[in-house]
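The structure under discussion appears below in the form of structure tokens.
In what follows, every chain begins at residue 1, and chains take the letters A, B, ... in the order their sequences are listed. Note: hydrogens, waters and symmetry copies are ignored here, and every other heavy atom, side chains too, is used.
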Amino acid sequence: MRYISVLIAAIFAHNIALRYFLGWCPLVSQSKKLSSAWGMGVAVTLVMTITSAVNWPVYNYLLVPYGLEYLQYIAFIIVIASTVQVLEMVIERFFPSLYTTMGVFLPLITVNCAILGVSLFMILRDYTLLTGIVFALGSGIGWSVAIVSLASIREKLRFADVPKPLQGPGITMLIAGIMAFAFLGFSGMVGIK
Amino acid sequence: MNRLERLMSDISSYTEDNPYLQHITEVIDTVRSIVFEPGVSADKSPFLRDYIEIKRYMFAVVLAVAPAALASIYFYGWRALAMIVVSYVAGGIAEVTFTLIRKEEITEGFLVTGILFPLTLPPNTPLWMVAVGIIVGVILGKEVFGGTGYNIFNPALVGRVFLTTTFPVATSSEWLIPMTGGWAGFKQFSVDTVTSATPLGVFANSGTLAPLRDLFFGNIPGCLGESSALLVLAGGIFMILARIIDWRVPVSYLGSVFLYSALGTYLWPNQVAPPVFQLLAGGLLFGAIYMATDPVSSPTTKEAKWVYGVFLGVMTVSIRAFSGYPEGVTYSILLMNMFAPLFDEMVMTFRYGPIQKPYK
């Protein structure tokens, strides 16, 4: 039951993109096309879940026993970077079309603050390993929900007469802002702890 | 009448020639087309014979919402009318300024937003707040997306959610008790009997239900337009019969609220109110009939409309029962506006297979 409530909270009430405003760089730049938004959502969900599953033992069994908690940022970044590197090779080998659509943004997941943020939240909130993985999975799904709906809105707006200074990232930020307003409705719905 | 028409066309042609006045030609033309027929007719086929064009469409919605607007004056005094006027003036200035700068045509879509927005506010909202809300709604909710026909989100609700987030105390902590009997609000400017909660708020705090008869006829505190379920329903039936709105969205929305709350009240009786109370209380009917059916921000395909309505109902009851807010209609409609293009896309893909898009 607790896993379900953490999962739902991570998708809706504590959506990583629309409540904490993390991971906005790929959210804005990769939401031009629905297909690449799907790809990016899947990639981020995958990386989030894997890295938090690795980061939890790294923190609790490697850093804590030696009193090295202050190294968590470096340790997490290294884990994330190596995971992304492996994932990139796998995607290039087996899904070449997805690889070309994502281009430079797959390596950029390395420095995606949402990925690091999820690992840090997991430590901050004292999750157990399984809860941490469920939370990361939910955050990834929530982020994917945000980018996929944003991409479908942008595809619909393709023929809209948006004022020139706002075209591209400007209007995307505005749409995402209104989406964040709508997500406020979930606040207080499910506890994250 | 003829003389007036000639005068208007003189003014219009005069402003077009005058270098200083030509910026306001659009304003003159809009007034002219509202008062008279539009001065343009198609000269190339195909010709479509239909009496509903955007202007008539918008006027029909205003006509359908008029009973609820009049009732708001009856319940809360002439201050309700003042709020509507402020909303029209402030929003109108924002809209006209924007379109003049961008040199576009002024469309009549604003007439609907301008009256729906104040009706979704609590009756004692300060007038300047009404102005701020409608300006935000018109500019950030509609004009930046390219004006009428492109607004992904319902502009009135963007304005409302902006107000409730920015001024939470002023817009949700104090409610007025409506007046009834005799001429009630028609005799005075404002009502000053304050209460702390709407029926939904009372249910969330103490679990007591307001009598259904009051909910139906309108003797309950709440936002301006939502007091009387009867008048909102009458407007909705008029619009469905006149084919102004599609019946699928309100029917699936209200139906899913009914089913979900019937099940929910059985499973969690302390959190989920019984179905008939859910249907009549708060802004549900108003939102389902006037807001969720907005032709631009709701899905286009029939199947997507059903999905949209069902999700609206699920969201509304969930927010009402489990979140920190007693009322969830505004948020759930905005949320589903956000998914409407995706629903359409999925229905199209399901029906025709993956679509090859002509653009990159």
Inset, instruction - Verify side chain to side chain contact (heavy atoms under 4.5 Å, CB included) between Tyr150(B) and Lys156(A), making sure each step is shown before the conclusion. - result: CA-CA 9 Å; Tyr150(B) 297 108; Lys156(A) 191 179 178 184; over 6 Å; no
Inset, instruction - For atom CD1 of Ile74(A), decide whether the heavy atoms of other residues, nucleotides or ligands shown that lie under 6.0 angstrom number more than 12. - result: no
Inset, instruction - Using a strict 4.0 Å threshold on nitrogen-to-oxygen distance, state whether Arg102(B) and Asp161(A) make a salt bridge. - result: yes
Legend entry - For chain A, the option from Ser332(B), Ala340(B), Gly328(B), Gly324(B) that forms the most heavy-atom pairs under 4.5 Å: Gly324(B)
Inset, instruction - With a 4.5 Å cut-off on heavy-atom pairs, point out which of Val144(B), Asn337(B), Leu157(B), Thr165(B) contacts chain A the most. - result: Val144(B)
Legend entry - Where Pro163(A) and Phe98(B) come nearest, the two heavy atoms and their spacing: CG-CE2, 4.4 Å
Inset, instruction - Could you look at Glu327(B) and say if it's the side chain, the backbone, both or neither that has a heavy atom under 4.5 Å from chain A? - result: neither
Inset, instruction - Determine whether more than 12 heavy atoms belonging to other residues, nucleotides or ligands lie under 6.0 Å from atom CH2 of Trp38(A). - result: no
Inset, instruction - Could you tell me the separation between the CG atom of Leu150(A) and the CD1 atom of Ile152(B), rounded to the nearest 0.5 Å? - result: 10.5 Å
Legend entry - CA sep, side-chain torsions, deciding dist, call: Leu342(B), Leu34(A), side chain to side chain contact (heavy atoms under 4.5 Å, CB included): CA-CA 9 Å; Leu342(B) 189 64; Leu34(A) 202 52; 4.2 Å; yes
Legend entry - Atom pair CZ (Phe186(A)) and CZ (Phe322(B)), whose distance is rounded to the nearest 0.5 Å: 12.5 Å
Legend entry - When Gly146(B), Ser323(B), Gly141(B) are compared by non-hydrogen pairs under 4.5 Å with chain A, the top option: Ser323(B)
Legend entry - Tyr325(B) side, atom OH; Ser187(A) side, atom OG - distance, nearest 0.5 Å: 3.5 Å
Inset, instruction - Check each atom of Ile175(A) against the heavy atoms of chain B and say whether the ones under 4.5 Å are side chain, backbone, both or neither. - result: both
Inset, instruction - Could you grab the distance from atom CG of Leu18(A) to atom CE of Met338(B), nearest 0.5 Å is fine? - result: 5.5 Å
Legend entry - Contacting region of Leu140(B) [heavy-atom separation from chain A under 4.5 Å]: both
Legend entry - Nearest-0.5 Å distance that lies between atom CZ in Phe145(B) and atom CG in Leu157(A): 6.5 Å
Legend entry - Pairwise distance CG(Leu334(B)) to CG(Leu184(A)) - rounded to 0.5 angstrom: 10.5 Å
Legend entry - Atom CZ of Phe311(B) with >12 non-hydrogen neighbours under 6.0 angstrom: no
Inset, instruction - Using non-hydrogen atoms and a 4.5 Å limit, figure out which bit of Leu166(A) sits close to chain B: side chain, backbone, both or neither. - result: side chain
Legend entry - Proximity breakdown for Met315(B) and chain A, heavy-atom pairs closer than 4.5 Å: side chain
Legend entry - More than 12 heavy atoms from other groups under 6.0 Å of CE on Met346(B): no
